[in-house]
Amino acid sequence: MVTKDLAPQSSTILVPGARHSSDFKSEERLIPVIRARLAERLVKEGFRPKLVAEALNVTQAAVTQYIKRKRGGNPAALASIDRLIDPLAEKLVKRLRSGLGGIEMTELMETARQVMVMNRGRTIVNELPNRPERDEALKILRERLRLELTAAEKYLELSNKTADDYSKMLLRMIAADSIRHGDVVSQVISWLEAGRESDFEMPGKAILETLVALEDSAHEASLSKTIHVGHPIARLLFQWIDADEEKHEKIVSKMLKLEADRVRKGSHETSD
């Protein structure tokens, strides 16, 4: 099925460090921008427009407009987010050359999410001198946000200079983690400023117990202990996955405890 881009043909995007406003309020609105950049990259790599259209799940007419830069965003803005789009572009080039198909919507959405996080984070950081701090916590969080975004950009820069595929992947994973950290910090800043930090909602006991069971299974199937590979960075990547699974298990277990405490507290308040 060919999808239709949601953004208007003439649109711009707030880029890291920029000061103008953005019309993009959701990941979906960024998809045409990312597709346009991917289309340019694929054509430069020698792929025919028909194959590019199939890979991006759009029409050939849309690809033509992407290449002519009549659709999908401002060229200057696109250049500023290349580091976030390049990993996806490289993956797609290799996939097409191996005959493995085109891009998945989930991959486009993840890249769009990263762009939005970086944009929102930079906006918060840039507003720092003009916004009085409510307390010391906000000041610390803003500085941490700046450090996370800077780290993400640096790791992405290093990954683009690295020839080894495993090392490139590891650096990009670290960058992605820094972007996720920035997302968390920027959300907490927003909650604190809005006075909503005490409100929270849990998924429910049954869902959390299912997640704990899944994480238990993943944790037991340790890749670093069962799969032996020669490449040292590949081994580090397996250790990374195992560490993440262990972390997920601990966090979801703590969420389950929070849910149990919430239910118990609710029961006490009802009985009173």
Side-chain angles (χ1 to χ4, degrees), residues 1-7 9 11 13 15-16 24 26-119 152-153 155-180 231 233-234 237 241:
M1 180 180 68
V2 175
T3 59
K4 182 178 180 181
D5 287 336
L6 299 175
Q9 294 186 13
S11 57
I13 174 176
V15 298
F24 293 94
S26 67
E27 289 88 340
E28 289 86 352
R29 305 296 291 184
L30 274 166
I31 298 302
V33 180
I34 298 171
R35 279 189 171 130
R37 191 67 187 91
L38 292 174
E40 288 186 6
R41 175 71 173 269
L42 292 176
V43 170
K44 287 180 181 178
E45 292 288 337
F47 294 102
R48 295 182 180 277
K50 181 179 179 181
L51 180 58
V52 174
E54 292 174 356
L56 298 180
N57 199 26
V58 296
T59 64
Q60 283 187 248
V63 171
T64 299
Q65 290 183 319
Y66 290 150
I67 301 305
K68 292 181 178 180
R69 294 186 173 179
K70 294 182 178 180
R71 185 176 188 172
N74 183 296
L78 283 173
S80 299
I81 60 174
D82 272 355
R83 287 178 185 170
L84 291 167
I85 296 176
D86 276 349
L88 187 58
E90 288 185 17
K91 183 190 297 184
L92 183 54
V93 167
K94 292 178 180 178
R95 191 178 294 171
L96 291 177
R97 285 177 175 163
S98 301
L100 299 178
I103 205 73
E104 298 289 341
M105 180 56 72
T106 53
E107 295 171 308
L108 289 170
M109 292 294 287
E110 174 61 23
T111 300
R113 178 65 182 172
Q114 290 182 342
V115 173
M116 287 195 68
V117 170
M118 295 292 286
N119 290 342
E153 291 178 347
Y155 278 112
L156 286 170
E157 179 184 351
L158 291 173
S159 73
N160 291 335
K161 296 178 180 179
T162 302
D164 179 73
D165 285 341
Y166 287 117
S167 297
K168 188 186 294 286
M169 180 180 293
L170 183 59
L171 291 170
R172 285 174 175 171
M173 287 174 64
I174 297 174
D177 268 5
S178 291
I179 293 172
R180 281 191 287 269
H231 199 295
I233 301 299
L237 288 167
I241 293 172

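For clarity, every value in this text was computed on a predicted model and none was experimentally measured.
- Residues Arg172 and Asn160 are in side-chain contact: their nearest non-hydrogen atoms beyond the backbone lie under 4.5 Å apart.
- Heavy atoms only, all atoms of each residue included: Leu84 and Pro87 are closest at O-CD, 3.6 Å.
- Using a 4.0 Å cut-off between charged nitrogen and carboxylate oxygen, Arg113 and Glu110 do not count as a salt-bridge pair.
- Here the shortest heavy-atom pairing between Ala175 and Leu156 reads CB-CG, 3.7 Å.
- Note that the CG atom of Leu88 and the CZ atom of Arg35 stand 11.0 Å from one another [nearest 0.5 Å].
- In this structure, Lys50 has no salt bridge (Lys or Arg N to Asp or Glu O under 4.0 Å) partners at least two apart in sequence or on a different chain.
- Taking 4.5 Å as the limit, every side-chain heavy atom of Ile103 sits out of range of all side-chain heavy atoms of Lys91.
- Residue Met173 places its CE atom among more than 12 non-hydrogen atoms of other residues, nucleotides or ligands, all under 6.0 Å distant.
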Worked verdict on Val52 versus Gln60 for side chain to side chain contact (heavy atoms under 4.5 Å, CB included):
CA-CA 8 Å; Val52 174; Gln60 283 187 248; over 6 Å; no
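- Put simply, CD1 on Ile179 and CD on Glu153 are 9.0 Å apart, with the number rounded to the nearest 0.5 Å.
- The main-chain N or O of Gly102 is found under 3.5 Å from a side-chain atom of Arg95 such that the two form a donor-acceptor pair.
- Taking every heavy atom of both residues into account, Ser159 and Lys168 meet most closely at O-NZ, 2.9 Å.
- Taking 4.5 Å as the limit, every side-chain heavy atom of Val115 sits out of range of all side-chain heavy atoms of Val33.
- In the displayed structure, Phe47 atom CZ is contacted under 6.0 Å by more than 12 heavy atoms of other residues, nucleotides or ligands.
- Between Val58 and Tyr66 the shortest side-chain heavy-atom distance falls below 4.5 Å.
- Side chains of Lys94 and Asp165 form a contact here, defined as non-hydrogen atoms less than 4.5 Å apart.
- Atom CD1 in Ile85 sits 10.5 Å away from atom CD in Gln114 (nearest 0.5 Å).
- Here Glu157 contributes atom CD and Thr162 contributes atom OG1; the two are 10.5 Å apart, rounded to the nearest 0.5 Å.
- Note: Met109 CE to Leu30 CG = 9.5 Å, rounded to the nearest 0.5 Å.
- Environment of CZ in Arg97: crowded, with over 12 heavy atoms of neighbouring residues, nucleotides or ligands closer than 6.0 Å.
- Ile31 and Ala112 make their closest contact through CD1-CB, 4.3 Å (heavy atoms, listed as atom of the first residue, atom of the second, distance).
- Qualifying salt bridge (Lys or Arg N to Asp or Glu O under 4.0 Å) partners for Glu104, counting only residues two or more places apart in sequence or in other chains: none.
- Proximity of a side-chain donor or acceptor of Ser167 to a complementary backbone N or O of Ala163 within less than 3.5 Å is not detected.
- Leu92 places a side-chain heavy atom less than 4.5 Å from the side chain of Leu56.
- Between Leu108 and Leu38, the closest side-chain pair of non-hydrogen atoms falls below 4.5 Å.
- For the atom pair Leu158 CG and Leu171 CG, the distance stands at 6.0 Å (nearest 0.5 Å).
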Applying salt bridge (Lys or Arg N to Asp or Glu O under 4.0 Å) to Arg37 and Asp86, what does each step give before you reach the verdict?
CA-CA 9 Å; Arg37 191 67 187 91; Asp86 276 349; 5.1 Å; no
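- Annotation: side chain of Glu45 is not in contact with side chain of Leu96 (no heavy-atom distance under 4.5 Å).
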